[in-house]
Amino acid sequence: MDFTSKSVLVSGGSRGIGRAIAQAFAAKGARVAIVYRSNQAAADEALELLAGSGHIALQGDVGRAEDVENVVAEAISQFGQIDILVNNAGIGIDHAVDQVSFEDWQSAWQQTLQTNLIGPANLCFCVAQHMIENGSGRIVNVSSRGAFRGEPTQPAYGASKAGLNSLSQSLALALAPHNIFVGAVAPGFVETEMTQDLFAGPKGDEIRGQSPFNRVAKPEEVAHAVLFLASAGAEFTTGTIIDVNGASYLRS
Ligand code: NAP
């Protein structure tokens, strides 16, 4: 896979899976704009790790429409174009239905949907306008196994990712006539800061045992699937959702 002369925008590219995606694109010759919400030190560190030159870090909250417009405009102004959008930024908040107040329940739903679904929808909209003008583009959305399997303690998370899958498929249909291809990657558990406490705790063995590999995914393994969907030759996969869960959940 070669991404020389391609410009890529990766939301949440400063840490975890997003950082691995940014590194993988940069290693294949792309120029990368990483979007982060607040941890500038992590964003600076991520930039340092990218091969090649000309990469940028842009601060913005994907849950705020004005920030989305700003980061897209800034990336286009600095790179001249965005060829590939990766919607990776996401959050998960515990709000088990039998444990939280109604107030906390509503807050978790609002925050989760705003970041994990409305944010990516707005990024898709703004970047698609530019890609339509350019006559081509790729969009890859980072979903989750939870969209299919359910998320008992984070129902808004599962719903947001199911919505993201549906958004990906709707846009695959709407944008194919514009030569823009849209796919999604649905990881199971991945070794990142989002999950490290969980894996180190009493549930760690059970979680690793969900896969016949007896481990969780590495961020690089998710990145590999993202790059495949964005690569030349993968056009006919548009609308697909790739599972990266080590056979821990096989959907029919
Ligand atoms: P992470 O380690 O917690 O990193 C999250 C990244 O997203 C950070 O760069 C963070 O920036 C950024 N971010 C969060 N909210 C944002 C917002 N509102 N606006 C802009 N940037 C924001 O997460 P991860 O584990 O790598 O997860 C990445 C994606 O994979 C998520 O969509 C997640 O749902 C999905 N996923 C993860 C797993 C897993 O096991 N880790 C499994 C399945 C799917 P700051 O640091 O500046 O806040």
As a quick check of understanding, evaluate side-chain hydrogen bond (donor to acceptor under 3.5 Å, both in side chains) for Gln81 and Asp83, giving each step before the final call. CA-CA 6 Å; Gln81 67 199 64; Asp83 302 294; 2.8 Å; yes

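- Note on Ile34: it does not cluster hydrophobically with Leu85, by side-chain heavy-atom contacts below 4.5 Å among ILVMFWY residues.
- Taking a cutoff of 4.0 Å between a charged side-chain nitrogen and a carboxylate oxygen, Arg15 and Glu45 do not qualify as a salt bridge.
- Looking at Ser170, its side chain never comes within 3.5 Å of a backbone N or O of Leu167 through a donor-acceptor pair.
- Counted by atom type alone, Ser107 and Gln111 present one or more donor-acceptor pairs between their side chains at under 3.5 Å.
- Crowding of Glu48 atom CD: a count of heavy atoms from other residues, nucleotides or ligands under 6.0 Å not exceeding 12.
- For the atom pair Ser143 OG and Asn87 CG, the distance stands at 11.0 Å (nearest 0.5 Å).
- Residues Val62 and Asp67 have side chains not in contact (no heavy-atom distance under 4.5 Å, counting atoms from C-beta outward).
- Linking Ile, Leu, Val, Met, Phe, Trp and Tyr residues whenever their side-chain heavy atoms come within less than 4.5 Å places Ile17 and Met1 in a single cluster.
- Side-chain contact check for Ser168 and Asn141: at least one donor-acceptor pair (N or O, by modelled atom type) lies under 3.5 Å.
- In this structure, the side chains of Val68 and Phe125 stay at 4.5 Å or more apart for every pair of heavy atoms.
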So Phe228 and Val185, side chain to side chain contact (heavy atoms under 4.5 Å, CB included) or not? Walk me through it. CA-CA 10 Å; Phe228 166 71; Val185 172; over 6 Å; no

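- Leu117 and Gly163 make their closest contact through CD1-C, 3.5 Å (heavy atoms, listed as atom of the first residue, atom of the second, distance).
- Sorted by first and then second residue, the side-chain hydrogen bond (donor to acceptor under 3.5 Å, both in side chains) pairs with a member in residues 218-229 read Arg215-Glu221; sequence neighbours excluded.
- Thr237 places no side-chain N or O within 3.5 Å of a backbone atom of Thr240 that could act as its donor or acceptor partner.
- The two residues Gly246 and Phe213 make their nearest non-hydrogen contact at O-CD1, 3.8 Å.
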Walk me through whether Ser160 and Asn116 qualify under side-chain hydrogen bond (donor to acceptor under 3.5 Å, both in side chains). CA-CA 6 Å; Ser160 72; Asn116 294 8; 3.2 Å; yes

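- A side-chain contact (heavy atoms from CB on, under 4.5 Å) with Val127 is found for one member of Ile82, Ile84, Ile76 and no other, namely Ile82.
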Criterion side chain to side chain contact (heavy atoms under 4.5 Å, CB included) on Val8 and Arg31, from CA distance to verdict: CA-CA 6 Å; Val8 188; Arg31 253 182 329 180; over 6 Å; no

Show your reasoning for whether side chain to side chain contact (heavy atoms under 4.5 Å, CB included) applies to Gln154 and Ile93. CA-CA 6 Å; Gln154 299 189 347; Ile93 301 168; 5.6 Å; no

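- One hydrophobic cluster holds both Phe79 and Met131 under the rule that ILVMFWY side chains link at heavy-atom gaps under 4.5 Å.
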Steps toward salt bridge (Lys or Arg N to Asp or Glu O under 4.0 Å) verdict (Asp61, Arg64): CA-CA 6 Å; Asp61 180 343; Arg64 291 166 51 97; 5.3 Å; no

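- Leu227 is connected to Ile242 through a chain of hydrophobic side-chain contacts under 4.5 Å among Ile, Leu, Val, Met, Phe, Trp and Tyr, so both are in one cluster.
- The backbone N or O of Val182 sits less than 3.5 Å from a side-chain atom of Thr238, completing a donor-acceptor pair.
- Contact between Ala51 and Ala26 at its shortest, heavy atoms only, is O-CB, 3.5 Å.
- A donor-acceptor contact shorter than 3.5 Å links the side chain of Gln114 to the backbone of Gly63.
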Verdict with reasoning, Gln110 to Gln106, per side-chain hydrogen bond (donor to acceptor under 3.5 Å, both in side chains): CA-CA 6 Å; Gln110 270 165 7; Gln106 290 177 73; 5.3 Å; no

Determine, step by step, whether Ser136 and Asn134 satisfy the side-chain hydrogen bond (donor to acceptor under 3.5 Å, both in side chains) criterion, reporting the C-alpha distance in whole Å, the side-chain angles of both residues, the deciding distance to 0.1 Å, and the verdict. CA-CA 6 Å; Ser136 68; Asn134 269 0; over 6 Å; no

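- Annotation: side chain of Val142 is in contact with side chain of Val86 (closest heavy-atom distance under 4.5 Å).
- Screening Arg145, Arg149, Gln210 for a side-chain hydrogen bond (donor to acceptor under 3.5 Å, both in side chains) involving Ser248 leaves a single residue, Arg145.
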Go through the steps for Arg251 and Asp243 under the test salt bridge (Lys or Arg N to Asp or Glu O under 4.0 Å), then give the verdict. CA-CA 9 Å; Arg251 60 193 166 97; Asp243 295 313; 3.0 Å; yes

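- A heavy-atom distance below 4.5 Å is not found between the side chains of Thr195 and Val216.
- Using a 4.5 Å heavy-atom threshold, the side chains of Leu50 and Val32 count as touching.
- A 4.5 Å side-chain heavy-atom check between Pro155 and His95 finds at least one atom pair inside the cut-off.
- If you chain together hydrophobic residues whose side chains sit under 4.5 Å apart, Val97 and Val100 fall into the same group.
- Counting heavy atoms from C-beta outward, Leu171 and Leu173 have side chains that stay 4.5 Å or more apart.
- Closest approach of Ala33 to Leu58, counting heavy atoms only: CB-CD1, 4.3 Å.
- Remark: aromatic rings of Phe189 and Phe199 are close, center separation under 6.0 Å.
- The nearest pair of heavy atoms linking Gly13 to Ala22 is O-CB, 4.3 Å.
- Within 6.0 Å of atom CD in Glu103, 12 or fewer heavy atoms from other residues, nucleotides or ligands are found, so the atom counts as exposed in its surroundings.
- Minimum heavy-atom separation, Trp109 to Ala156: CD2-CB, 3.5 Å.
- Looking at heavy atoms from C-beta onward, Glu151 lies in side-chain contact with Ser144 at the 4.5 angstrom threshold.
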